[in-house]
Amino acid sequence: MNVTLIPVTPFQQNCTLLVCDATRRAAVVDPGGDIERIAGEIERQGVTLEKIFLTHGHLDHCGGAGELAAKYDVPIEGPHPDDAFWIDQLEAQSARFGFPEPQPFTPDRWLGDGDTVTFGDITLDVFHCPGHTPGHVVFFSKDEQLASVGDVLFAGSIGRTDFPRGNHGDLIASIRNKLWPLGNDVTFIPGHGPVSTFGQERETNPYVADAVLARSGA
């Protein structure tokens, strides 16, 4: 699987183009905006877009999903239905931050813990990881040891939980109980900033390193 990060929107969100090497079919994770930039990369690589995957309903992650889906006539899968209220507010979110008016959409498929998504010959496992938002999901490739974690975890930080229906305790539990068991060697793509590994964050992350959680009793 080939992976290309495409930073989009003024928030520099890590939209990701995933390509199945065997079939040259692709999926886009979290097209928050700048559709021309995403389309340009799809065309540059000469791949066929098959699906759009969403980790959660915040503007910078899903604001361009409707437009991209219409442009390529592909389905949108994710997030978990608990984030429907965020997607319903997409127009208001855009106005609040001065973003272009989005094309409304409803996901073709809502996702839950234990589901899988596919494109080409690739299968990704889905983990429901609430905390940053209640319906946040993470996509994981066991074969590639690669996770797309949205805004759950960052290199050296964790997702904010001060948005409506955010929950700090849920976020910590998601990281500890859903992400860490996948293995220290897993590389993860966060919603913003550089990639890292779960092992590196367990050693050094000031919020969720093993030593920090042990001291807090989490």
Do you reckon V29 sits in the same ILVMFWY cluster as I76, going by side-chain contacts under 4.5 Å, direct or chained? no
A side-chain contact here means heavy atoms from C-beta on lying under 4.5 Å apart; do F105 and L90 qualify? yes
4.5 Å side-chain heavy-atom contact, H136 and H128: no
Search all heavy atoms of E201 against all heavy atoms of F154 and return the closest pair with its distance. OE1-O, 3.3 Å
Which value, rounded to the nearest 0.5 Å, describes the distance between Q89 atom CD and L59 atom CG? 11.0 Å
State, yes or no, whether a side-chain contact exists between Y207 and I175 at a heavy-atom distance under 4.5 Å. no
Over 12 foreign heavy atoms within 6.0 Å of CD, Q103: yes
hydrophobic_cluster_shared for I52 and V19, side chain cutoff 4.5 Å: yes
Atom of C62, atom of G57 and distance for their closest heavy-atom approach: SG-O, 3.5 Å
Just do the side-chain contact (heavy atoms from CB on, under 4.5 Å) check on V137 and D115 with the steps written out, would you? CA-CA 10 Å; V137 297; D115 285 343; over 6 Å; no
Given 3.5 Å as the limit, does a donor-acceptor pair link the side chain of N14 with the main chain of P7, or not? no
In Å, rounded to the nearest 0.5 Å, how long is the span from CZ of F140 to CG of L179? 10.0 Å
For a side-chain contact (heavy atoms from CB on, under 4.5 Å) check, start with the C-alpha distance between D151 and R160, then their side-chain angles and the critical distance, and finish with the verdict. CA-CA 8 Å; D151 286 355; R160 290 175 57 177; over 6 Å; no
CG of D185: more than 12 outside heavy atoms within 6.0 angstrom? no
On a heavy-atom basis, which atom in F85 and which in P164 lie closest, and how many Å separate them? CZ-O, 3.8 Å
Shortest non-hydrogen contact from G120 to T23? CA-OG1, 3.4 Å
In a check of ring pair (Phe, Tyr, Trp, His ring centres under 6.0 Å) between H132 and each of H61, H168, H58, which one passes? H58
Mind checking whether P79 and T55 have side chains closer than 4.5 Å, heavy atoms only? no
For the residue pair F163 and W86, categorise the inter-ring angle as parallel (less than 30°), tilted (30 to 60°) or perpendicular (more than 60°). perpendicular
Examine V138 and I172 and state if one hydrophobic cluster contains both, with Ile, Leu, Val, Met, Phe, Trp and Tyr joined whenever side-chain heavy atoms are less than 4.5 Å apart. yes
Decide yes or no for I189 and L146: does some side-chain heavy atom of the first lie under 4.5 Å from some side-chain heavy atom of the second? yes
L54 side, atom CG; R109 side, atom CZ - distance, nearest 0.5 Å: 12.5 Å
Below 4.5 Å, heavy atoms only, C-beta onward: do R165 and D82 meet side chain to side chain? yes
Spacing of NZ belonging to K178 relative to CG belonging to L153, to within rounding of 0.5 Å: 14.5 Å
Nearest heavy-atom contact between V208 and L213 is O-CD1, 3.7 Å
How long is the straight-line distance from CG of D34 back to CG of D60, given to the nearest 0.5 Å? 11.5 Å
Same cluster for I122 and I42 if Ile/Leu/Val/Met/Phe/Trp/Tyr side chains link at under 4.5 Å? no
Among L111, D125, D30, whose side-chain contact (heavy atoms from CB on, under 4.5 Å) with F139 holds? L111
Please tell me whether D83 and T133 have a donor and an acceptor in their side chains that are separated by less than 3.5 angstrom. yes
Which pair of non-hydrogen atoms, one from D121 and one from A22, has the smallest distance, and what is that distance? OD2-CB, 3.6 Å
From SG (C129) to CG (N177), nearest 0.5 Å: 9.5 Å
Is there side-chain contact between E91 and E101, with heavy atoms separated by less than 4.5 Å? yes
Can you confirm if the aromatic rings of F99 and F11 lie within a centre distance of less than 6.0 Å? yes
Minimum side-chain heavy-atom gap V212-P206 below 4.5 Å: no
Is R24 reaching over with its side chain to a backbone N or O of Q45, donor-acceptor style, under 3.5 angstrom? yes
Cluster question for you: counting only ILVMFWY and a side-chain heavy-atom cut-off of under 4.5 Å, with indirect links fine, are F119 and L49 together? no
For F198 and F188, take the angle between the two ring planes, folded into 0 to 90°, and tell me which bin it lands in: parallel under 30, tilted 30 to 60, perpendicular over 60. parallel
Between D210 and W180, is the side-chain contact (heavy atoms from CB on, under 4.5 Å) condition met? List the steps. CA-CA 10 Å; D210 289 350; W180 288 173; 4.0 Å; yes
Begin from the C-alpha positions of T118 and K51 and carry the test side-chain contact (heavy atoms from CB on, under 4.5 Å) through to its verdict. CA-CA 8 Å; T118 62; K51 291 181 180 177; 3.5 Å; yes
